[in-house]
Amino acid sequence: MTDTADLCYLQIREVGPLLRDRKASPVELTDAYLARIARLDPQLNTSIRVLADQARAAARTAEQEIGRGVWRGPLHGVPIGIKDLFDVAGVPTTMGSKILRDNVPAHDATVVERLKSAGAVIVSKQNLHEFAFGITSENPHYGVVRNPWNLERVPGGSSGGTAAAVAAGLCAAGIGSDTGASIRAPASFCGAVGLKPTYGRVSRAGALPLAWSLDHAGPLARSVADCALVLQAIAGPDPGDPGSSAEPVPDFAAELDRGVAGMRLGVPREYFFDIVEPEVKRLFDAAVATLEGLGAEVVEVSLPHVEHAQVAGNVIMSSEAAAWHATWLRERPADYGPDVLQRIRGGLLLHATEYLHSQQLRALIQEDFRAAFERVQVVLSPTVPLVAPPIGHTLEPGGPLNVAPRSIANRTTVPCNLTGMPAISVPCGLSQPERLPVGLQIMGSAFAESIVLRVAAAYEAATEWHGQRPEIGSQRSEIRY
Amino acid sequence: MDEVRQIVGVELSDAEAEALAAWYATLARSVAAFPAEDLKRTEPPLRSVPGPLG
């Protein structure tokens with residue numbers, strides 16, 4: 001194992017057994033990631049803080065434990081990145097904001113605590129869209145995160161630093177949060193796998209909120225199996241999170257190899273394809289054909305209320321965010337970036353009736369999906385209707401659809417935040433001619449992560465997309481705007 | 001614009017107040033387009049309940 005890029009691009013399912021069998025060293029692996037971060041992050045800006053000393057100490061501990069025959073599991077000694085809205089004790093949690101620049105928590109978030117218990121090495125606190133309220137990760141306080149596939153494109157957001165770091169081989173996997181798109185959209189834009197689990201499956205204790213009723217925590221990784229391994233470590237009940245579920249946690253890897261032959265998969269009739277770039281639609285259609293070729297039956301399903309999902313999601317998000325930010329909106333407005341300030345302030349103007357109508361709409365969309373899941377096991381769509389847009393051009397109309405990217409980026413992901421259903425984004429190709437990643441979204445019924453992962457794993461095994469690596473820094477953007 | 005300024009509670013430029021009013025008006029119009037009859041028969045989930053169960 002002489003090439004550090006190869007070492008850093010190993011999947012957890014590959015490197016875990018090497019660490020267990022002492023054929024690879026946690027210290028050497030961590031050093032390889034830290035060296036790669038030092039070399040590439042000045043361009044990509046995925047990290048707000050690199051935890052080099054803590055990571056090396058954790059790696060040494062892992063090496064000693066494994067040397068004594070104490071193996072904690074597949075994450076033992078594996079470097080993981082954390083979106084900088086989850087607490088790591090003693091390290092600032094900024095949420096990508098100026099306001100929280102010096103916010104130092106005393107305790108780990110539950111997901112961090114569980115990762116550490118599993119032996120993972122926390123390597124960095126990762127950059128994000130300010131206060132997790134946006135899909136570009138053009139952060140005014142900590143700098144713009146750049147997409148490893150094209151440095152002039154956004155990585156998506158709000159977990160943009162995490163997705164870019166995973167795709168660039170700067171960590172083996174990462175933890176993100178998703179309130180409307182924030183795990184799946186950056187996974188799609190960066191060519192990573194991103195899973196938003198069921199609401200309540202993963203604790204949000206120790207994570208700063210954007211909108212309580214829509215916030216989810218979940219993994220980003222370079223394969224479906226790795227997502228399953230990380231989910232296994234962080235899932236389960238937690239009294240520290242009022243939204244946590246007592247639902248039993250299954251073995252998420254158990255069904256990964258069962259394939260899709262005989263399964264029935266749904267494609268929505270309404271909404272999801274009203275606004276979609278032709279290249280995204282082409283790659284989505286090819287992905288559906290691949291799944292059919294693997295023996296799945298694909299049928300059309302109707303989700304009549306989902307056309308209102310984006311409005312309902314935005315009303316709920318801005319209202320809940322405005323409630324959490326109320327004091328700072330009055331006392332520190334100058335400390336917000338302009339785009340985030342506008343959307344959070346807007347929540348102050350929304351009426352209670354509009355919030356309640358949006359909550360009612362949420363129940364109607366759940367009914368739609370409930371009816372669909374009587375006929376199919378998962379529902380498929382493009383993760384995002386477009387490829388990663390150019391940095392600095394996300395508020396103005398442009399691209400093949402001549403729409404502002406920010407206005408449509410969460411329209412196909414936010415339905416699952418409203419319903420709480422699990423959904424994964426898995427790479428399904430590169431657009432032409434830009435060679436930018438596109439994601440396939442697989443949505444399942446509540447607590448059916450195993451089914452979602454199974455379909456994603458079958459698709460991944462039949463294609464080569466997840467193995468593609470960006471040639472970082474070697475390309476120039478052809479801006480179409 | 002005065003109403004917007006009153007609700008927000010801090011000094012706003014005309015451009016900021018107009019942008020906020022336009023943002024709200026767009027969203028409010030879209031909420032008004034929700035299917036009224038369907039809303040009538042639906043109780044809002046005032047705490048988040050994951051679903052549907054598979």
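We name chains A, B, ... by the order of the sequence lines, and we start the count at 1 in each one.
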So how far is it from [X] [atom1] to [Y] [atom2], rounded to the nearest 0.5 Å?
X: A:L348; Y: B:I7; atom1: CG; atom2: CD1; value: 8.0 Å
X: B:S30; Y: A:H357; atom1: OG; atom2: NE2; value: 14.0 Å
X: B:D38; Y: A:D368; atom1: CG; atom2: CG; value: 9.0 Å
X: B:L27; Y: A:S319; atom1: CG; atom2: OG; value: 8.5 Å
X: B:L39; Y: A:L364; atom1: CG; atom2: CG; value: 6.5 Å

(request) Would you mind checking which part of B:V10 comes under 4.5 Å of any heavy atom in chain A, side chain (CB onward), backbone (N, CA, C, O), both or neither? (result) side chain
Quick one: what part of [X] sits under 4.5 Å from any heavy atom of chain B, side chain, backbone, both or neither?
X: A:R201; answer: neither
X: A:S318; answer: side chain
X: A:L350; answer: both
X: A:F369; answer: both
X: A:A312; answer: both
X: A:S358; answer: both

Test item: [X] and [Y] side chains (from C-beta on) under 4.5 Å apart, heavy atoms:
X: B:V31; Y: A:V311; result: yes
X: B:L20; Y: A:R345; result: yes
X: A:H308; Y: B:P35; result: yes
X: A:L361; Y: B:T42; result: no
X: A:H305; Y: B:F34; result: no

(message) Ignoring hydrogens, what is the shortest heavy-atom contact between B:R41 and A:E367? Give both atom names and the distance.
(response) NH1-OE1, 3.4 Å
(request) Kindly give the heavy-atom pair with the smallest separation between A:Q360 and B:P45, and that separation in Å. (result) N-CD, 4.5 Å
(request) Specify which of A:Q342, A:Q310, A:M421 makes the most heavy-atom pairs with chain B at under 4.5 Å. (result) A:Q342
(request) For chain A, find which of B:A28, B:A21, B:A19 contributes the most heavy-atom pairs closer than 4.5 angstrom. (result) B:A19
